[in-house]
There are 2 protein chains.
Amino acid sequence: MNVKKLLLIKTALQLFYSNGINSVGINEIVKESGVAKKTLYHHFSSKEQLVLATLKYRDHLFCQWFESILNSKKTGKESILALFYGLDNWFNNRVAGLDEFKGCYFINTAAEYGDPNSLARRSCKEHKHKISLLIKEKVSMFINKTDECEVVANTISLLKEGAIVSASVEGNIDAALKCLPTVLRIINEDY
Amino acid sequence: MNVKKLLLIKTALQLFYSNGINSVGINEIVKESGVAKKTLYHHFSSKEQLVLATLKYRDHLFCQWFESILNSKKTGKESILALFYGLDNWFNNRVAGLDEFKGCYFINTAAEYGDPNSLARRSCKEHKHKISLLIKEKVSMFINKTDECEVVANTISLLKEGAIVSASVEGNIDAALKCLPTVLRIINEDY
DNA sequence: ACCCAAGTAGAACAAGCAGTCTACCATGGC
DNA sequence: GCCATGGTAGACTGCTTGTTCTACTTGGGT
């Protein structure tokens, strides 16, 4: 990837993530990155295309981090627990590479686009789906029955989502750790 | 409350909620409501003040609905279950008075404001805190030990939050019903 | 040494923004 | 009948937005 193009994506992501997409103008991105405006429009045909590029880039960064956590353990149960410790690290800014915690970039972005069929929202939806599948994969390692696996994986996903929102909106940065008692129960007991 | 002022708040809320705050201009609100721009600025000193008014109004509407669900049942356990059926109704647009489901107005709004100390975000935080307390109140009706009550109430709140986000971002409109198996377990079993 | 292509800076553009202003109109007390 | 008051419409301001344009610099191939 072109070095200027990547710089633009990184700069835009950082500004969009911490201030909201509609609050950040092209001029600010150009100024902050030091890249010429014409060059920006050479690489991206519009602001929307740049937004989509930041979503794709963030998806890459996030999934890389997410998968490395899940795959750092041998058993599915350990992976799920590691996930919540990982979230706790994220909320408390102990994860380099994900920027200062400002909630989920995909939830935040979806909130700024009214139309559920917009490209940006489709991209957010896709990302969430991917993450849910990764969780389900780990849960299926220790729960065989399909419907039980479904329920547990779903619960884990929703708790994770709730923790992210609670941490960012309420400032409840202990949210991930507060999930642990419940998570332990649902992954250790049979239905 | 002045009839024009209320109309402005209602119109602004409807537009902000379905399109995002930064995507809606003052002119659009004025046009849609049929109220003069001068009158708007007579009642609200700035757009931000109007935003704050919509948050307050939505908080009123939402809490009214929320409390009516929780208080419709005799026991705490029934109230918690009713809550998730209520959420399901909301996600599937069977609740008149909350507009077409577009996620949580407070989560959406918080996402548009970078500064966590902004008045808007404080208002969102306050709302979430209020809702969490209402849930905790019901949980304390059937769990006596303080720390157990805390954990269960927290889990319910996070599941609720996760369900709202999943329903709006992923379009997972069955999210509330999918919580039921887990909710049933944690409110019926002892620790 | 020359040329072409790609990238540079930043001025310029139309459109839209939040917010202000003037001029007008309706109503109610005297 | 007349004035005062408070709400009305909507033109206007100054600024910012996303996007385009012109003019210039740079580096590599021949």
Side-chain angles (χ1 to χ4, degrees), chain A residues 1-57 105 108-115 118-121 123, chain B residues 1-57 108-109 111-115 118-121 123:
Chain A
M1 163 118 57
N2 183 300
V3 55
K4 298 271 176 184
K5 185 173 184 180
L6 186 60
L7 177 61
L8 282 166
I9 293 174
K10 283 184 177 179
T11 307
L13 172 58
Q14 194 254 308
L15 289 171
F16 287 158
Y17 181 44
S18 54
N19 298 105
I21 291 174
N22 282 315
S23 307
V24 178
I26 291 290
N27 293 309
E28 199 177 340
I29 296 166
V30 165
K31 200 174 189 179
E32 181 73 18
S33 65
V35 173
K37 202 184 274 195
K38 185 88 199 228
T39 309
L40 189 156
Y41 279 96
H42 171 71
H43 290 297
F44 307 97
S45 61
S46 66
K47 184 184 180 182
E48 194 194 13
Q49 292 300 314
L50 177 56
V51 170
L52 293 175
T54 63
L55 287 168
K56 189 175 173 185
Y57 183 67
Y105 184 52
N108 295 355
T109 300
E112 297 207 50
Y113 288 82
D115 179 11
S118 60
L119 292 175
R121 286 202 49 167
S123 179
Chain B
M1 166 118 54
N2 183 300
V3 55
K4 297 272 176 182
K5 185 173 185 181
L6 186 60
L7 177 61
L8 282 166
I9 293 174
K10 283 184 177 179
T11 308
L13 172 59
Q14 194 253 308
L15 289 172
F16 287 157
Y17 181 45
S18 54
N19 298 104
I21 291 173
N22 281 316
S23 308
V24 177
I26 291 290
N27 293 309
E28 199 178 341
I29 297 166
V30 165
K31 200 174 189 179
E32 181 74 19
S33 64
V35 173
K37 199 186 272 196
K38 186 88 200 231
T39 310
L40 189 156
Y41 280 96
H42 171 72
H43 290 298
F44 306 99
S45 61
S46 66
K47 185 184 179 183
E48 194 195 12
Q49 291 300 314
L50 177 56
V51 170
L52 293 176
T54 63
L55 286 167
K56 188 175 173 186
Y57 183 66
N108 295 355
T109 300
E112 296 207 49
Y113 288 83
D115 180 11
S118 61
L119 291 174
R121 286 202 48 169
S123 179

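In the text below, chain A, chain B and the rest are named by the order of the sequence lines, each starting its count at 1.
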Q: Calculate the interatomic distance between B/L40 atom CG and D/dA9 atom P; express it in whole Å.
A: 12 Å

Q: Please report, rounded to the nearest Å, how far the P atom of C/dA18 is from the CD1 atom of B/I21.
A: 12 Å

Q: From C/dA18, D/dT8, D/dT19, pick the nucleotide closest to the side chain of A/S46?
A: D/dT19

Q: Report the distance from atom CG of A/L8 to atom P of C/dG7, rounded to the nearest whole Å.
A: 12 Å

Q: Of the listed nucleotides (C/dG10, D/dA9, D/dG7), which one gets closest to any side-chain atom of A/K37?
A: C/dG10

Q: So A/V30, base contact, sugar-phosphate only, or nothing? Heavy-atom distance under 4.0 Å.
A: nothing

Q: Could you report the tightest heavy-atom contact between B/V35 and B/K4, atom names first, then the distance?
A: CG2-CD, 4.0 Å

Q: Heavy atoms from C-beta onward define the side chain here; which of C/dA18, C/dG7, D/dG7 lies closest to that of B/K47?
A: C/dA18

Q: Are OP1 or OP2 of D/dT16 and a side-chain N or O of A/N27 less than 4.0 angstrom apart?
A: no

Q: With sequence neighbours left out, what residues match B/N27 under side chain to side chain contact (heavy atoms under 4.5 Å, CB included)?
A: B/K37

Q: Report yes if some heavy atom in the side chain of A/T109 is under 4.5 Å from a heavy atom in the side chain of A/F16; otherwise report no.
A: no

Q: Side chain of B/T39: nearest nucleotide among C/dA18, D/dG7, C/dT8?
A: D/dG7

Q: Could you please name the option among D/dT8, D/dG18, C/dG7 that lies closest to any side-chain atom of B/K38?
A: D/dT8

Q: In terms of side-chain heavy atoms of B/Y41, which of D/dG7, C/dT20, C/dT8 is nearest?
A: C/dT20

Q: Do B/V51 and B/Y113 touch side chain to side chain, with heavy atoms closer than 4.5 Å?
A: yes

Q: Find the distance A/I26:CD1 to D/dT20:P and express it as a whole number of Å.
A: 11 Å

Q: Rounded to the nearest angstrom, tell me the gap between atom NZ in A/K4 and atom P in D/dT26.
A: 13 Å

